[in-house]
Amino acid sequence: MFSTIFSKTIMNFIFFITFFHVIFFFLSLNIVFCIEIEIKDFHPQERDALLLIRDSLNSSINLHGNWTGPPCINNLSRWFGITCSNWHVVHILMHGLNLSGYLPSNFLQNITFLRQIDFSNNALFGTLPNLKGLVFLEHVKFSLNHFTGSIPKEYVELHSLKVLELQENYLNGEIPFFDQTSLISFNVSYNHLVGKIPENFVLQRFPKSCFDNNSELCGKILDKLCPYEPHSPFSAPPPFAIPPPSHKKRLQVWIIGLISIAAAFFLFLMIVGFLFCKRQGRGNETRRNNTTRNVFGAWANKMVSNEGNSGDSQRLGQLEFSNKKFPVFDMDDLLRSSAEVLGRGNFGVTYKATLEIGNVVAVKRLNYMNELSKKEFIQQMELLGQMKHENVVEIISFYYSEDQKLVIYELVSDGSLFELLHEGRGIGRIPLDWTTRLSIIKDIAKGLNFLHHFLSSQKVPHANLKSSNVLIHQENQSYHSKLTNYGFLPLLKKNSEKLSISKSPEFVKGRKLTHKTDVYCFGIIMLEIITGKIPGHILDEVEETTNSDLSDWVRTVVNNDWSTDILDLEILGEREGHDAMLNLTEIALECTDMMPENRPNMNVVLKRIEEIEKMEKENE
Ligand SMILES: Nc1ncnc2c1ncn2[C@@H]1O[C@H](COP(=O)(O)OP(=O)(O)OP(=O)(O)O)[C@@H](O)[C@H]1O
């Protein structure tokens, strides 16, 4: 009996052991199999290529925090700007992220299945990256950066290429012979390209505007004859044949050679002497040429040389001053100043220029305004020059010529609201507290209310309100904000879609624009300040909604009673401010109503903000 029980127990024990072993075996197989799937399907070379970008660039979003782990999990990616298909990276979309630095030149070769690459509207330097062998590439966008060098010849071998956007860089050299019939969009305008535009069927399909504003491009498309091209020395016979010198004549040749060298040297001395006298006579022109070249780049050189050609020595002096208190300086002084690039926006590059007299100004070189007459430009600038308010950046002066338009602003020292809100997120950042955010919101409302009052006859007085157009000035540990880049709408015959009002519902639907369109943009900025999120970058986080707009996301969250979920983590901890934060959110949602007539006027908005601020102060 005992032995039967004993043997049964042993049997049971052996059975359980075997059972668990089998289960364990299958489990292990499964784990090994899963790991194998990961190892088999993961493409470390693609990850390495992306990490090269991450580690070489600075950005307004925290790429280091976000680009970790595998970039692709089958068709999904958790990495910002990356899209995957079947474990491969297929899109790298990094448009307008304030990326700065140099792109490594050969980093893309290992991303074999790449179809779209978009680095447009950043501050990237160096030469364009090598795209050799990327046979699936369809969209290539490197526009609005600081790229230099020529367009790589191998881009003509991208046989699937549909879109090539390289406009607004500093590219030079000739346009390669692009003949891909797949090309539907092509733009190389606003560079320093030279030579003849290849006259093939593909490139001739694109309008003149795609090639505009290049220093020395010529050809049929631009209606500009190319300079005479001399015959190649290899194809043309020499004008006369030179018989090989005989032994006897060698001495004569030597003598003639020596005389020629002496004559050339004499001629050289005369030219140097002449140039020296000319320089004495015309002041510091040489100095101006050199500094100009170093400071502002090719456009300034062109202005100087135009002046030289026209013989009109007043041309560079035509700066119109709207700020009578500011010391007067002329274009010549400006081009001689030491300058640096502050940034590049939708309308061109802004420079910081330190004049020799010691004053520092911001110079914005405007693009897209070439259709404008001198009268129209001056009229609008003179009007804008009268805008004097503590929350509006002052226009000191401006310059008009057919191909150059400059606005000279007061310099505001501490960067933009965009930088203050979004730069350096992550460990080590000093949080932007609620009191500061509230005072910034109030400053913007004050500035905008002022513009609405004094530019009341204009359709949309600011028209370009966004966080990069709110500049910050720090004084005694408090922040003051000023609005800039206002009043551009009447200056634009085309390209008004580059203004921030283009994101408003009425612009999108082609309806009438009014002061309420500015109110919409103001509402979006308020939400950006309260949530800490970049408008237009919401989609990745809320996959279930189809609308990427910040106000829609806030509306959804607030309607679901999770109101405090919208608050930026940096202010979430300030519980005593929650009421004010949510009251302001309510105002922001009214400002971003789809129907312009439902949005409040700016004077009402300002009053309500001031009341909220007053209540906050009383509660303290
Ligand atoms: N008056 C100024 N003083 C100091 N910094 C300025 C001034 N104006 C512009 N900047 C800096 O230069 C950067 C680029 O400005 P810019 O106006 O060219 O582009 P933006 O603000 O994106 O506007 P837009 O797209 O309307 O052209 C800004 O982010 C800001 O930091």
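Counting starts at 1 for both ligands and their atoms, in listed order.
Not one N or O of F488 is nearer than 3.5 Å to an N or O of ligand 1, by distance alone.
E497 CD: more than 12 foreign heavy atoms inside a 6.0 Å radius. Residue I357 places its CD1 atom among more than 12 non-hydrogen atoms of other residues, nucleotides or ligands, all under 6.0 Å distant. By the neighbour-count criterion of 12 heavy atoms within 6.0 Å, atom NZ of K498 is densely surrounded, having more than that number from other residues, nucleotides or ligands.
Taking the six-membered ring for Trp and thresholds of 30 and 60 degrees, Y486 and Y409 have ring planes more than 60 degrees apart, a perpendicular arrangement. The aromatic rings of F125 and Y102 sit tilted, their planes meeting at an angle between 30° and 60°. Ring-plane geometry between Y170 and H192 is classed as tilted, the angle between the planes lying from 30 to 60 degrees on a 0 to 90 degree scale. Ring geometry for H473 versus H480: interplanar angle of 30 to 60°, hence tilted.
A donor and an acceptor atom, one from each side chain of S120 and D118, are located under 3.5 Å apart.
Closest to atom 21 (O) of ligand 1, if we only count protein heavy atoms, is N469 OD1, 2.8 Å. Counting protein heavy atoms only, atom 5 (N) of ligand 1 is closest to L342 CD1, 3.6 Å. The protein heavy atom nearest to atom 4 (C) of ligand 1 is V412 O, 2.9 Å. In terms of protein heavy-atom proximity, atom 19 (O) of ligand 1 is closest to G345 CA, 3.1 Å. Here the heavy atom of the protein found nearest to atom 26 (O) of ligand 1 is N464 ND2, 2.7 Å.
Atoms of ligand 1 found under 4.0 Å from any heavy atom of K364, numbered from 1 in the order shown, are 16 (P), 17 (O), 18 (O), 19 (O), 23 (O), 24 (P), 27 (O). Near L471, meaning under 4.0 Å from one of its heavy atoms, ligand 1 places the atoms 1 (N), 2 (C), 3 (N), 6 (C), 7 (C), 8 (N), 30 (C). When each atom of ligand 1 is checked for a heavy atom of F347 under 4.0 Å away, the hits are 26 (O), 27 (O). The ligand atoms of ligand 1 that sit less than 4.0 angstrom from a heavy atom of T350 are 8 (N), 9 (C), 15 (O), 16 (P), 17 (O), 18 (O). The atoms of ligand 1 that sit less than 4.0 Å from any heavy atom of E410 are 1 (N), 2 (C), 3 (N).
At a 4.0 Å cut-off, not a single heavy atom of K352 sits close enough to ligand 1 to count as contact. Under a 4.0 angstrom heavy-atom cut-off, G348 registers as being in contact with ligand 1. The closest approach between any non-hydrogen atom of K466 and ligand 1 is below 4.0 Å.
Comparing heavy-atom distances from atom 14 (C) of ligand 1 across G343, A123, S468 singles out G343 as nearest. Residue nearest to atom 24 (P) of ligand 1, selected from T484, V341, N346: N346 (by heavy-atom distance).
Results of the side chain to side chain contact (heavy atoms under 4.5 Å, CB included) test with L417 over L471, D443, N469, I440 single out I440 as the only residue that passes.
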(message) Under the criterion salt bridge (charged side-chain N to carboxylate O under 4.0 Å, His left out), I'd like the reasoning laid out for K388 against E394: C-alpha separation, chi angles, the key distance, then a yes or no.
(response) CA-CA 6 Å; K388 312 262 188 267; E394 213 172 302; 3.7 Å; yes
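With a 4.0 Å cut-off on non-hydrogen atoms, Y409 touches ligand 1 through its side chain and not its backbone. Of all the heavy atoms of E419, the ones lying under 4.0 Å from any atom of ligand 1 belong exclusively to the side chain.
When all heavy atoms of Y479 and T436 are compared, the pair lying nearest together is CD1-CG2, 3.2 Å.
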